[in-house]
Each structure stands twice: as structure tokens, then as C-alpha cells.
Protein chains: 2
Amino acid sequence: MRKIILKTMDASERIEKQKALVEYIGRMQEKEGYQPVAGRILGLLMVMDKEEFTFEEIVDEVKISKSSASVALRNLELRGVIEYVTYPGDRKKYYRLSTMDLESTLNEIEKKVIRSMDLIEQIIELKEDKNSRSVDFMRKVSKGMVFFLNHMKKFKKTYEPNMLL
Amino acid sequence: MRKIILKTMDASERIEKQKALVEYIGRMQEKEGYQPVAGRILGLLMVMDKEEFTFEEIVDEVKISKSSASVALRNLELRGVIEYVTYPGDRKKYYRLSTMDLESTLNEIEKKVIRSMDLIEQIIELKEDKNSRSVDFMRKVSKGMVFFLNHMKKFKKTYEPNMLL
DNA sequence: TTTTTAGTTCGGTACTTTGCGAACTAAAAA
DNA sequence: TTTTTAGTTCGCAAAGTACCGAACTAAAAA
């Protein structure tokens, strides 16, 4: 008897904590460039027990209008962070975190680093004095980036998705 | 004679290109979360030949008001991306890119990754079903992060600032 | 002491972003 | 065929952000 009461207490407390975490993650994602509503949707999909949320559930849980949900979900989908699945005989969309695995995230980071290196190259090319403090600094950064990219390559080799489960 | 003319042509063309690059970098930095004015100041400090700019020079070059410059420079300084130096007998502040080297940038990245791992841990802790698709996914990501951190450690060891110049 | 220099702070305007409700569409159910 | 369901698109109001000019401060120069 006692145990059951404790257990229900725990469950509701757990859900309280989950909801708080949804808001916290929302704020984090805002800093990452997502709009508030999108951030909280992401939080919801990350922390709650349910694996797949319908459009309506998202509207209810995050307490937003259908239009806001529609816009935010489309953006999140375009960015590739969420995806939706459908089931035969059911018109609803079931949203969930997309299983874009680490590899594609790493590729994104790699591309970003390479773009930065190109930019640095351009800047140096346009400098009058190629021995200035700033050019030295940029070369240093650039070499560091080359190192970094090499290590990423090794990392990708060592990383075998199936061995991680 | 011919050569001299060509040389002056090149110089002005170079400066034109630099100014275009300042604007371009400004727009890039906006995407990174800086306000427009701050982004263009960063661009200026990165691409132009001058190593150190006074407050007034920045106001003139970026064509902004003193108040905007003051606010933007303070923010950039708080974020640690620029710094200013002073010279004895000169009241002016000379702004330049801060020489935060790769190591501190790497440490920032490391901290960020560790914070993400903590968050994932928290989320998993609050999940009812620890064997769900999402928990599996999160564990995978988390393990990937551990790998990543180890490689960063190795990278830091291999990286010897003085060997890069 | 007064003036100039080198900035900072404040208040307001203009622009941008966010999120809503209402009207709409397209498919399924009645 | 009409109604309901599941969502989308559009226009607008509220909130937030960026930037400016004007007034201010504190130190140095005249």
C-alpha cells in the first residue's frame, strides 16, 4: 500500500521534472538559433516518455496555436532535426526526433570548419603585410583546423555505429 | 612606370575587396548570433591591414554612431572575441582581435559537449522506459560524445602552439 | 578655470520577429 | 452531398531588438 503511494508520487514528480526540462531545453535551443516555440517542441520530443507526438498533442502540450505549431514543425523538419511518420488508414502525422546519426552531424561540423578555413585563406590573400600579428594568428588557427579535420577523419573511422549499442 | 600604376591599381582593388569581405563576414557573424553592427566590427578587425583600431576609426569605417559602437564593442569584449590595449600617455583604446588561442576555443567546445552529455544523462534518468528508441538514440549520441572528447584530448596533446609557426 | 577629447548612458523610434486567430484546403467520414 | 478532421496559409497585433541622437561624465589640454 505504502509502496504504491510512493510510486505514484514518484511518477508525478518525474513528469513534473520532465516538464521543467522541456522548458529548459527550449531556452537552450533558443540560444542555438531556434525560435522559442520550436525549441520547446524539440524539448518535448526529447524528454517526454511518448516517442511520437501527433500535431494535436503538440499543440496541447506546448500550449500553442495550430498555426504556430504548423510553422515551427515545418521549420524543424526542413532543418532535419525532426521527421514524421504516418500509418496506413491514419491521416495524422506522427512527429519524432529524426534519427540523423552522429555521422551526418560530424559532416556538418566538418563543412563548417572547411568554410572557415577558406575564409581565412581569402583574408590572408588580401593582407598587405603577410607577416603581421593577425596573419600569424590566422595561420595558427588554420593549421589547428587542419589538425582538427585529421582527427575527425580518424574519429569517423574508429566510430562504428553498431558497436555503440 | 607601368608597374607603379599597376601596383596602385592593385592596392585600391585590394582595399575594395577587403571592404566587401568586411560586409560578408558581418553577415556571417550575424548568423552566429552577433548583432549586425558587432558583426561588421569583427569583420573590420579581421580583414583590414591595420592591426589596431581606435574607437573613432571604427565609428568612421563602419559608419555607425558612437553609441552603437560603444555598445557593440562592450558586448564583443564581454564575449572575449576582442580586447583593447592602451599606450602610456594616450587616453585612447586600441581595439583588436583577442589572442584567445585555439586551446581556449577547444576548451569552450569541450565544455559545451560535456554540458550536452549531462543533459542527455538527465533526460534518460527521467524516462520511464529505458529501452525505448529515443533512449537508445541518446545513448548512442552520448557514447559518440565520449569518443569525441577522447579525440579532443589526443588533439590537444599533439597540438604544440610553437610548432605551428 | 574653461575647453576639448574620448567615450558612456539614456530615451525613443524604426524595424524585425513571434505567434495568434480566421479563413482556407484537401481528404475522410457520415 | 454535407460535415468533420487535420492541418496550412495569411494578415495583423504585440513584443523584442537595433540603432541613433542628445545629454552626460571624467580626464587631459589649453
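All values derive from a computational prediction rather than experimental measurement. Letters A, B, ... mirror the listed sequences (proteins, then strands); counts begin at 1.
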Task: Rounded distance (Å) that lies between atom P of dT8(D) and atom CD1 of I58(A) - done: 11 Å

Task: Gap between atoms OH and P, on Y95(A) and dA6(D) respectively (whole Å) - done: 13 Å

Open item on the list: Counting only side-chain heavy atoms from C-beta out, which of dT8(D), dC19(D), dG19(C) sits nearest to P36(B)?
Closed with: dC19(D)

Open item on the list: So if I take every side-chain heavy atom of S67(B) and compare against dT9(D), dT9(C), dT8(C), which nucleotide ends up nearest?
Closed with: dT9(C)

Open item on the list: Regarding S134(B) and R96(A), do their side chains bring together a donor and an acceptor under 3.5 Å, going by distance alone?
Closed with: no

- [ ] Assign K92(B) to base, sugar-phosphate, or nothing according to its heavy-atom contacts below 4.0 angstrom with the strands shown.
- [x] sugar-phosphate

TODO: In whole angstrom, give the distance that lies between atom NZ of K66(B) and atom P of dC10(C).
DONE: 16 Å

Task: Euclidean distance, M28(A) CE relative to L42(A) CG, rounded to 0.5 Å - done: 11.5 Å

TODO: Determine: side-chain N/O of R74(A) to OP1/OP2 of dG7(D), distance under 4.0 Å, yes or no.
DONE: no

TODO: Specify the residue among G89(A) and V37(A) whose closest nucleotide of DNA chain C lies further upstream toward the 5′ end.
DONE: V37(A)

Task: Strand partner of dA6(D), provided both Watson-Crick or wobble distances fall under 3.5 Å - done: dT25(C)

Open item on the list: Using 0.5 Å steps for rounding, measure from the CE atom of M145(B) to the CG atom of L149(B).
Closed with: 8.5 Å

Task: Counter-base of dA30(C), judged by Watson-Crick or G-U geometry with both distances under 3.5 Å - done: dT1(D)

Task: Atom pair distance, as rounded to whole Å: OH in Y87(B) and C1' in dT5(C) - done: 19 Å

TODO: Nearest whole angstrom, please: distance from the C1' of dG7(C) to the CD of E56(B).
DONE: 10 Å

Task: K63(A) vs dC20(C): side-chain N/O to OP1/OP2 distance below 4.0 Å - done: no

- [ ] Measure from the side-chain heavy atoms of S65(A) and tell me the nearest of dA6(C), dG21(C), dG7(D).
- [x] dG21(C)

- [ ] Using whole Å, report how far CZ of R91(A) lies from C1' of dT4(D).
- [x] 8 Å

Task: D90(B) CG - dA28(D) P separation (whole Å) - done: 11 Å

Task: Q35(A) vs dT17(C): side-chain N/O to OP1/OP2 distance below 4.0 Å - done: no

Task: Options dC20(C), dG7(C), dT18(C), nucleotide nearest the side-chain atoms of I64(A) - done: dC20(C)

Task: Upstream residue (5' side of DNA chain D) when A69(B) and V71(A) are each assigned their closest nucleotide - done: V71(A)

- [ ] State whether S68(A) places a side-chain N or O below 4.0 Å from either non-bridging phosphate oxygen (OP1 or OP2) of dG19(C).
- [x] no

Open item on the list: Parallel, tilted or perpendicular: which one describes the rings of F155(B) and F148(A), with boundaries at 30° and 60°?
Closed with: perpendicular

Task: Whole-Å gap separating P (dT16(C)) and NZ (K31(B)) - done: 16 Å

Open item on the list: Looking at E110(B) and K156(B), is any side-chain nitrogen of the basic one under 4.0 Å from a carboxylate oxygen of the acidic one?
Closed with: yes

TODO: Answer with yes or no whether the side chains of E52(B) and Y87(B) bring together a donor and an acceptor at under 3.5 Å.
DONE: yes

